[in-house]
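Working notes for the structure below.
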Amino acid sequence: MIMSTRQVVRHIDAAELASQTARRLLDALVELQSDGKIPQLCLAGGRIAMAMYADFADLVPGSGLDPSRLELWWSDERFLPADDPERNAGPALALLARSFVVDPARTHSMPSADGIVDADASANTYAKELDDTVFDLCLLGMGPDGHVASIFPHHPSSEPTSQPVIGVSDAPKPPPERIS
């Protein structure tokens with residue numbers, strides 16, 4: 001799907017934003033799959049993203065989307081142990097798995113703090129897995145402080161880089177270690 005014009009869509013509240021985004025995401029993924037593509041979908045974390053994943057999961061049954069033909073990636077992650085409920089991947093996958101099987105072979109969670117030295121090492125590992133992947137859709141949210149994908153305003157994480165994935169240290173919002 002190529003969008004030739006920009007469009008601003010306003011929603012009355014967070015619930016409407018989540019439900020309408022879920023519908024638009026589903027429609028875009030079905031369209032991509034109709035062309036034989038295996039969509040590369042980059043997921044975000046956050047309160048509204050989690051509400052959207054719940055709405056999306058409810059829409060999938062009978063929709064024409066083949067969830068087994070989705071590659072799932074993450075735009076950012078909190079550098080915590082894999083089973084920590086504050087990570088983005090675990091809660092997001094749990095919501096999606098309510099309605100369909102999430103294929104572990106097509107799910108690319110960012111490495112956790114289990115056995116990895118620091119967020120920079122995790123970022124390097126994820127960059128290798130990412131390789132030359134191009135996302136068809138990349139979901140991003142914005143925190144109340146203006147951060148997007150664990151990149152914080154007026155913080156070293158916002159400095160230009162040629163690295164495809166970065167470790168974020170001393171984030172101004174807990175937890176202090178993240179990957180983007």
Side-chain angles (χ1 to χ4, degrees), residues 1-9 21 24-25 28-29 31-33 35-50 52-53 56 69-84 86-93 96 102-180:
M1 172 171 75
I2 298 174
M3 304 197 69
S4 59
T5 61
R6 292 179 189 200
Q7 180 182 21
V8 175
V9 179
T21 302
R24 291 178 71 188
L25 176 61
L29 291 170
E31 182 178 333
L32 286 165
Q33 285 185 343
D35 291 338
K37 191 167 185 73
I38 295 176
Q40 305 292 317
L41 174 60
C42 187
L43 303 174
R47 180 180 49 88
I48 293 175
M50 294 302 162
M52 189 275 298
Y53 300 144
F56 176 80
R69 292 182 50 239
L70 285 178
E71 292 281 335
L72 301 178
W73 300 87
W74 268 261
S75 61
D76 70 310
E77 185 58 272
R78 296 164 178 154
F79 187 65
L80 296 166
D83 61 355
D84 192 305
E86 292 297 312
R87 279 180 56 91
N88 295 327
L93 292 172
L96 297 175
V102 177
D103 183 353
R106 294 189 182 272
T107 303
H108 309 275
S109 299
M110 289 182 162
S112 68
D114 302 311
I116 295 190
V117 176
D118 59 24
D120 288 328
S122 179
N124 289 334
T125 298
Y126 202 62
K128 289 175 188 167
E129 184 172 0
L130 185 62
D131 194 26
D132 61 356
T133 299
V134 175
F135 302 131
D136 294 295
L137 295 166
C138 185
L139 304 175
L140 297 170
M142 181 182 292
D145 58 2
H147 82 272
V148 175
S150 290
I151 297 174
F152 293 85
H154 313 293
H155 182 268
S157 60
S158 67
E159 294 297 319
T161 180
S162 61
Q163 299 302 311
V165 185
I166 61 168
V168 176
S169 297
D170 298 320
K173 178 182 176 188
E177 300 296 310
R178 297 163 176 252
I179 305 108
S180 182

Euclidean distance, Ile48 CD1 relative to Met142 CE, rounded to 0.5 Å: 11.5 Å

Pairwise distance CZ(Phe56) to OG1(Thr21) - rounded to 0.5 angstrom: 12.0 Å

side-chain contact (heavy atoms from CB on, under 4.5 Å) against Thr107, all qualifying residues, sequence neighbours excluded: Leu72, Trp74, Leu93, Val102, Ser109

Heavy-atom closest pair, residues Ala44 and Tyr53: O-OH, 2.7 Å

Ser122 side chain to Asp118 backbone, donor-acceptor under 3.5 Å: no

Gap separating the CG atom of Asp145 from the NE2 atom of His155, nearest 0.5 angstrom: 10.5 Å

Side-chain heavy-atom pair Glu71, Ile38 within 4.5 angstrom cut-off: yes

Set of side-chain contact (heavy atoms from CB on, under 4.5 Å) partners for Val9, sequence neighbours left out: Gln7, His11, Arg24

SG on Cys42 to CG on Asp76, rounded to 0.5 Å: 8.5 Å

Minimum heavy-atom distance Met50-Asn88, with the two atoms named: CE-O, 3.4 Å

Contacts of type side-chain contact (heavy atoms from CB on, under 4.5 Å), residue Arg47, not counting sequence neighbours: Ala14

Asp114: partners by side-chain contact (heavy atoms from CB on, under 4.5 Å), with sequence neighbours left out: Pro81, Ala82, Ser112

Atom pair CG/CG of Leu25 and Leu29 - distance to nearest 0.5 Å: 4.5 Å

Nearest non-hydrogen partners of Phe79 and Ile116, listed with the distance: CZ-O, 3.6 Å

Nearest non-hydrogen partners of Gly167 and Ala123, listed with the distance: N-CB, 3.5 Å

From Arg78 atom CZ to Glu86 atom CD, the distance as rounded to the nearest 0.5 Å: 5.5 Å

Parallel, tilted or perpendicular, as decided by the 30° and 60° cut-offs, for the rings of His108 and Trp73: parallel

Can you give each donor-acceptor pair under 3.5 Å made by side-chain atoms of residues 133-140, sequence neighbours left out, with the distance rounded to 0.1 Å?
| unit_1 | atom_1 | unit_2 | atom_2 | d |
| --- | --- | --- | --- | --- |
| Thr133 | OG1 | Leu130 | O | 2.7 |
| Asp136 | OD1 | Lys37 | NZ | 3.3 |
| Asp136 | OD2 | Gln40 | N | 2.8 |

Scan the side chains in residues 168-180 for donor-acceptor partners under 3.5 Å anywhere in the protein, sequence neighbours excluded, and list what turns up.
| unit_1 | atom_1 | unit_2 | atom_2 | d |
| --- | --- | --- | --- | --- |
| Ser169 | OG | Glu177 | OE1 | 3.2 |
| Arg178 | NE | Pro175 | O | 3.1 |
| Arg178 | NH1 | Ser150 | OG | 3.1 |
| Arg178 | NH2 | Lys173 | O | 3.4 |
| Arg178 | NH2 | Pro174 | O | 2.9 |
| Ser180 | OG | Ala149 | O | 2.4 |

